Engineer: 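Quick one: the structure is below, questions incoming.
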2 protein chains.
Amino acid sequence: MEPLEAYPITYGILGLLALWGPLSGYDLKHISDQILAPMWGVVQSQVYKELRRMKELGWVDMEREEQELRPDRKVYSITEKGYTALQSWQAQPPDVFQIRDELLLKVLFGTFASPGDLDRNLRNSIVEHEMRLLTYQQNGLSLSGKGTFRHDNKRPNPYSDASQEDPYLGLITRFAIEFEKMYLRWLYEALEMVEPRQEQAAGGES
Amino acid sequence: MEPLEAYPITYGILGLLALWGPLSGYDLKHISDQILAPMWGVVQSQVYKELRRMKELGWVDMEREEQELRPDRKVYSITEKGYTALQSWQAQPPDVFQIRDELLLKVLFGTFASPGDLDRNLRNSIVEHEMRLLTYQQNGLSLSGKGTFRHDNKRPNPYSDASQEDPYLGLITRFAIEFEKMYLRWLYEALEMVEPRQEQAAGGES
DNA sequence: CGGGACATGTAACGCGTTACATGATTAA
DNA sequence: TTAATCATGTAACGCGTTACATGTCCCG
């Protein structure tokens, strides 16, 4: 009854399991926020949906890990079939590329904003993206060099040893950082244009 | 029964009507592809949905324009209420910002790609974004300076005279161009990393 | 005589989101 | 006692997508 199909985010979760070994839905949500955020945001309930889907597809196995003090963890790991799926996904051309950015929309129709509105939205956006940039820069530091994510005890499937010195994560981090820098440069430019008056403003960084 | 609510793309279409005067659903789809594409992609059927929604909200008026040779055009124009809606939307903080990019996902999990797959996907992506960049650069030329979009006959609502010398469109075009340039720089970097061998290229690996 | 542009729409579907539900532990 | 963290899920909803439907004109 449920569609036996996979979507980009299905492979996103699957890939996390492949690289960072057996994980619970809870773990996966948190890792997603750190790793997948710049290319595909996920909400918690969707992680569970994808896990159920992949369970049915036979791409993951589930093992109940009992805990006395906390609720049981359901720990998922990728199967042989899962690796095959990941691999054949890599052979297809990607077909989703989209940006949805309400701020850009508001800037485009800035003529219709009341005085101060656009200005305020731009400033808040600057704060938001400045924070994102910091996060990615810190992620970049803590994630490069060695596969971090303390689950030191669990030794996953031999395949995922790649995580020890995977260069792709660094590439993605670099993308995220360059994107945020570019976005910020543009935001400052936009702000200047929207409100050229007020303060001598001796430029931020460069 | 249908939700009397508006979403970012609702305002996107509304803004197009505000700036470029009375337009049909068909026109709106084509203008969207040129103007809104970098910040919010739209498919045709959705344009009609939004028009229906806005009709119910009283944000737009519809006028049937009969044509002898072709099917009738239903021409929509923004109402007073529509302008008010646009304005109060500008006062809210934006709440959607997302990127969904399957290529980035494939790069992140590049370890699981068979030889050549990642390479091919990167090369195709370069072609795609190189074309986008060209499009935006040409749009920038034809759209800046004067409000183009030949509907020279129709004189829309006085409000929309802003389109004659609107600086915001230029700002958005600049964003789109800078984004594509950054993306392309990154793609070339990624390609080099994925395939350092082949061609004399100077200083491959160690 | 087929294909593209012009022109408008509907039907079906599910991903992604929001909100709800539960309940223990720990720290301010 | 209030809130955060740990932990797992379900229900409802609609935007956004894909595919379908219809028909004319124009060009090669």
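Since we're looking at a predicted model, the values are computed, not measured. We name chains A, B, ... by the order of the sequence lines, and we start the count at 1 in each one.
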Engineer: Can you list, in residue-number order, the parts of residues 90-103 of chain A that come under 4.0 Å of DNA chain D, counting heavy atoms only?
Structural biologist: Q98(A), R100(A)
Engineer: According to a strict under-4.0 Å criterion, is Y26(A) in side-chain N/O contact with OP1 or OP2 of dT8(D)?
Structural biologist: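 No, because none of the side-chain N or O atoms of Y26(A) sits under 4.0 Å from OP1 or OP2 of dT8(D).
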Engineer: Starting at atom CD of E5(B), determine the distance to atom P of dT17(C), rounded to an integer number of angstrom.
Structural biologist: 16 Å
Engineer: What is the separation between atom CG on L51(A) and atom P on dG16(C), rounded to the nearest whole Å?
Structural biologist: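 The distance from CG of L51(A) to P of dG16(C) comes to 14 Å, rounded to the nearest Å.
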Engineer: Could you tell me the separation between the CD atom of E63(A) and the P atom of dT8(D), rounded to a whole number of Å?
Structural biologist: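 Answer to the nearest Å: 14 Å.
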Engineer: Do the side chains of R185(A) and E178(B) get close enough for a salt bridge, i.e. N-O under 4.0 angstrom?
Structural biologist: no
Engineer: Without decimals, in angstroms, what is the distance between H30(A) NE2 and dT8(D) P?
Structural biologist: 9 Å
Engineer: Please list all pairs passing the salt bridge (Lys or Arg N to Asp or Glu O under 4.0 Å) test where one or both residues lie in residues 36-47 of chain B, with sequence neighbours left out.
Structural biologist: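 Qualifying pairs, neighbours excluded: none.
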Engineer: Consider the side chain of V43(B), meaning its heavy atoms from C-beta on, and name the nucleotide among dT17(D), dT18(C), dC15(C) that approaches it most closely.
Structural biologist: dT17(D)
Engineer: Can you tell me how far the CD atom of Q137(B) sits from the CZ atom of R174(B), to the nearest 0.5 Å?
Structural biologist: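 It is 13.0 Å, given to the nearest 0.5 Å.
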Engineer: Using the test salt bridge (charged side-chain N to carboxylate O under 4.0 Å, His left out), find all partners of D61(A) that sit at least two apart in sequence or belong to another chain.
Structural biologist: none
Engineer: Can you tell me the distance, in whole Å, between the NZ atom of K29(A) and the P atom of dC6(D)?
Structural biologist: 13 Å
Engineer: Whole Å only: how far is the CD atom of Q46(A) from the P atom of dT8(D)?
Structural biologist: 17 Å
Engineer: Within this structure, what is the CD1-to-P distance between I31(A) and dC6(D), rounded to whole angstrom?
Structural biologist: 13 Å
Engineer: Using the test side chain to side chain contact (heavy atoms under 4.5 Å, CB included), find all partners of T10(A) that sit at least two apart in sequence or belong to another chain.
Structural biologist: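 T10(A): side chain to side chain contact (heavy atoms under 4.5 Å, CB included) contacts with A6(A), Y7(A), E50(A), R53(A), M54(A), W59(A).
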Engineer: Could you list, one pair per line, each protein nitrogen or oxygen that sits under 3.5 Å from a nitrogen or oxygen of nucleotides 10-12 of chain D, together with the distance?
Structural biologist:
unit_1	atom_1	unit_2	atom_2	d
dT10(D)	OP2	R52(A)	NH2	2.8

Engineer: For Q87(A), which residues count as a side chain to side chain contact (heavy atoms under 4.5 Å, CB included) partner, sequence neighbours excluded?
Structural biologist: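 Counting only residues at least two positions away or on another chain, Q87(A) forms a side chain to side chain contact (heavy atoms under 4.5 Å, CB included) with S114(B).
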Engineer: Using side chain to side chain contact (heavy atoms under 4.5 Å, CB included) as the criterion, list what pairs up with A37(B), not counting sequence neighbours.
Structural biologist: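 A37(B) satisfies side chain to side chain contact (heavy atoms under 4.5 Å, CB included) with Y136(B) once adjacent residues are dropped.
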Engineer: I'd like to check the ring-ring contact (aromatic ring centres under 6.0 Å, His included) partners of F97(B); sequence neighbours left out, ordered by chain and number.
Structural biologist: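 Partners of F97(B) by the ring-ring contact (aromatic ring centres under 6.0 Å, His included) criterion, ordered by chain and then number, come out as H129(A), Y183(A).
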Engineer: Taking only side-chain N and O atoms of R53(A), does any of them lie within less than 4.0 angstrom of OP1 or OP2 on dC15(C)?
Structural biologist: yes
Engineer: Give the rounded distance in Å between these two atoms: CD1 of I9(B) and P of dG14(D).
Structural biologist: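 To the nearest whole Å, that distance equals 18 Å.
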Engineer: Can you list every salt bridge (Lys or Arg N to Asp or Glu O under 4.0 Å) pair that touches residues 24-38 of chain A, not counting sequence neighbours?
Structural biologist: D27(A)-R73(A), K29(A)-D33(A)
Engineer: If the condition is salt bridge (charged side-chain N to carboxylate O under 4.0 Å, His left out), which residues does E130(B) pass it with, not counting sequence neighbours?
Structural biologist: none
Engineer: Fill in the dot-bracket string of DNA chain D, one character per base: . for unpaired, | for a pair to another strand, ( ) or [ ] for pairs within the strand, taking Watson-Crick or G-U pairs under 3.5 Å.
Structural biologist: ||||||||||||||||||||||||||||
Engineer: Just grab all the salt bridge (Lys or Arg N to Asp or Glu O under 4.0 Å) pairs involving residues 93-108 of chain B, residues at least two apart or on different chains.
Structural biologist: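 Pairs touching residues 93-108 of chain B that pass the test: none.
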